[in-house]
Amino acid sequence: MSARDLSIPAITLKDIRLGDYTLNTLPLLGRLKENLLREKSSVCIERARYVTEYLKNTPDQESPETRYASAVHFFLSHKKPLFFDDNLLAGTTCAKPFGAPVYPELTGMTIWPELDTISTREKNPILLSDEDAATLNFEIFPYWMERNILETTRKKHGNPKCMQLFERIVFFIASKAGCISHTVPDYSTVLSKGIESIIRTAAEEEKRPATRKLPELDQQIAFYRAVRIAMEGVIAYAGNLRKEALRLSENEMNPEKKENLRKMAQVLEQVPAKPARTFREAVNAVWLIQIAIHAENINMAISPGRLDQVLYPYYRQDMENGRLRLEEAMELVGCLWLKLNDNTNLVPETAEELFGGAGTVPAVTVGGVDEQGSDAVNDLTYIMLRVTELLKTRDPSLNARYHYEKNTASYRNRVAEVITGTRSAPAFLNDVAIVKTLEGQGVSTAHARDYAIIGCVEPGVPGKSYDASSSIMLNLVSAVELALNNGKRPVTGDEQIGPVSGDPASFKRFEDFWGAFTTQLTWLMTEAVALNNLFGATYREIMPSPLLSAFFDMEGPMKKGQDLIFGGAHYNSSGATHIGFADTVDSLNAIEKAVFVDKKVAFPELLSALADNFRGHETLHAWLLHKTPKFGTDDPVAAKNARNLIEFLHHFYQGRTNYRGGRYKAGFWTMTNHAGQGKMSGALPNGRKAYEVFASGITPVSQAAGDLARCFRAIAELPGQCIANGEAVNFKYPSIMNEQEIETMAAAVEAYFRYGGRHVQFNIMSYEDLIQAREHPEQYPDLLVRVSGYSAYFKDLNDAMKEEIITRTAYDVKTGKAVPFPEKHKTMLPFE
Amino acid sequence: MKKGGYAVPNVLSRVLLGFQGRKLARCIESELAENFLSLLLKAMGVAFFLLRDFRKNIVDFEGKYFFKSRDNGITVAAVFKDGEMTVKDTALKDPDVTVTFKDAAKLRDFLLAPKQDILGSMLRQDITINGNLNYLYKFAYMAKHLQLMVTGKA
């Protein structure tokens, strides 16, 4: 099915707001949403049990690809076909209505100490039956003790320094120990061809006369065989679902439910094995593929991508043929949104406390331009916006692309209106700037125009780029502290961690400190990159991704005969993101101004003030807070240091090659890590007190930038070409009261984008609203907030993260000026 | 008997385990923690001996653990092999995991605090780990389960 016929208008809706459609007129969605909010999460061991059982009982003689594909096939073909509710789409991620699947190959083992207590723990408990706990303890975890990614890597490389550093957690996090997801597959191809076609292609390639040389030939054959095995598992699961739907339908007395089950069985007879013919088939196929991908890969940011583009041909055809009514389309989209919420992450309690509250962040992207550069907004874009507005669910993480020259102002304003309605979603993304950034990474213009967001904010090309965008999360503040302490950090005591970069007291110029800082930073980044590459090599040996590879562009892995993990994608890269950007820049500013320009303080005194957390140094603290340059203002020193830091990081990463032959890319989004890492870091020269949260993403420090227009300009003027792994800019408006204010907000975003801004997201909440929600969580069970690239229920966030969101600067939409923080709560601010 | 889980100790076992268990429970609640590690390992040894279901944890399990205080005042090796646990107060060659703790109280909190804070303990450098973390997770599970049993919560 072709993506677009320009002779037919893409917008046929009489009301792009779809205001007549509510949860009252779409009662199924209302019921399903209530179920979702009521459901408690449960640990699901189904996948872990089948994958482990298969691997335990199969000799380790096959290629890694076929062995792992066979394990995934074994799981999918045994996976229980379950229908928990009246959702129109068949298939579940887990064997629980709201499940947290265990991936023992990755970080699943970290819950071992909590098997007896996870159901009752204080922070985000996850139910686990005694029976399942015993299975994990006696059967599953013992098998993986020496075999998960982390320990395989450690054993092979003798506990290298980079791994020891990672396990300190306060320097960098190498996410690959826990996942290799974070990507946007190609759903269009599989919808139009069906999985049987992929199996046929793989079978043909497997038998193709050998024009290839060994050992590549063996590896290619193994890859195609693995694809076939994994795909057959997907078909087996769909077949089991179909049989069960038919069986349930026969026994069902309620005519409406009976009909839904019968229709599901019909859908499953077609997809995902054969090409989708209808909108319903296409939507269900997307969902089944999402489930299949999670059978192989952890549930972290596997992002469906541009669903308004992928599904539009099916929608349009059904609408034109009179096979689909608007409310049915909305119900199907809503059912997909709710299904995307059927699973969550499994993390130990400490991780919940430090970094918790995130969903699985399957990002959906709408709007923007198409590959030809034309306005791509269509009816389905508005349907997805309306469904998001109605359901207000944590996932999917919705992202609205906006091209200020191609998209209409009415679309722009509608996105702003939805943000006002949900109070947090979607995020706004600037097509002009992001396409240019991708082109700078060697992505063709057509491919760049087709970008979609991965997880939080990272741009990737669906099915063409394998970005592993969350490979490294590096704490920039740790480099500041190491430089201030000649290679040591307060949190790690007297141990010499980093290189000796000089006693700051001996520095004569700011450039000397910058040199020490970049020495520490370079060392940290080198270690992080080294570890990521070691983990990548381990994945190749024990956990390749033939199933995910098959859902990539046919010109990629399927043409090359190469798994994604070996570099099969058209574009390869690894993403690093950075925590504490604004605090680092402001600390550099403070050092430059206070120590070297104004000579207000010498290093020994500054270090002593930091060690004392400014107690007894109140005058200096006030001076640092109020008289030093702040990122987010128009101060030239702040602009210079911000730019220099970004360029430094970009040039470092671009010079490093990952295990797939691609380059590393720098980004600035922090999920909840800025809160967790802040809680483990000492006082900083910018006046931030010890163990307080850092600012999120690339957002200025809370309360540091008093004027939104200047703040927007400061961020927009950063070198976007150097931020190829995305950035999160988080702002708050206390309220948006009417259409005029919505338009003001939308116009502000457009002005920001025309300056060069790349991303922005809002919470429409006052300080007081959020303080009230923190004090009375029971009154706000579904309050959604935008964290740093994704949405979360406020009640699920850890205390530090709640504090950070409360203290984020709120701006008056009419004046653009910062709203004063409530006097009686000022102790909450990171510098008070 | 909890379905699929552990058998609740019978009366005799409960009495026998109770002696070590009470000592351990007192140690957990007390400010004084010097003997914590030896009490824990003794209670574990009794539990392995008396309780078939608890013993299942170490059937077919081989693991070498070395615990030492940062000042080397305490050094304890626990070796699991052939369904038995052997404890020695000497160093150990090629342990699967070495746990170095600031003091016994920190080790106790690390393993048995109501909210087991393995990550937090590592961050604060109360505990440093060298080796395979999964061995530590398994030990922490066994210790926690034992604690819940002796306090009647499992």
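Please read these numbers as outputs of a predicted model, since none were measured by experiment. Note on naming: letters A, B, ... go to the chains in the order of the sequence lines (proteins, then strands), and numbering restarts at 1 for each one.
- If you measure heavy-atom distances from B:Tyr135 to chain A, the contacts under 4.5 Å come from both the backbone and the side chain.
- For A:Ser129, no part lies near chain B; criterion is any non-hydrogen pair under 4.5 Å.
- Remark: B:Arg108 fails to qualify as a cation-pi partner of B:Phe110 under the 6.0 Å distance and 45° angle criteria applied to the six-membered ring.
- With a threshold of 4.5 angstrom between heavy atoms, A:Glu146 approaches chain B through its backbone and through its side chain.
- Looking at A:Asp132, there are no atoms closer than 4.5 Å to chain B (heavy atoms on both sides), in backbone or side chain.
- In terms of heavy-atom pairs under 4.5 angstrom with chain B, the leader among A:Gln164, A:Met109, A:Glu495, A:Met145 is A:Met145.
- At least one test fails for B:Lys64 against the ring of B:Phe80: distance under 6.0 Å to the centre or angle within 45° of the axis.
- Within the model, atoms OG1 of A:Thr670 and CE of A:Met801 stand 7.0 Å from one another, a figure rounded to the nearest 0.5 Å.
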message: A:Glu114 vs A:Arg121, test: salt bridge (charged side-chain N to carboxylate O under 4.0 Å, His left out). Steps then yes/no.
response: CA-CA 9 Å; A:Glu114 289 183 32; A:Arg121 71 186 186 189; 2.9 Å; yes

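- With values rounded to the nearest 0.5 angstrom, B:Met142 atom CE is found 6.0 Å from B:Phe54 atom CZ.
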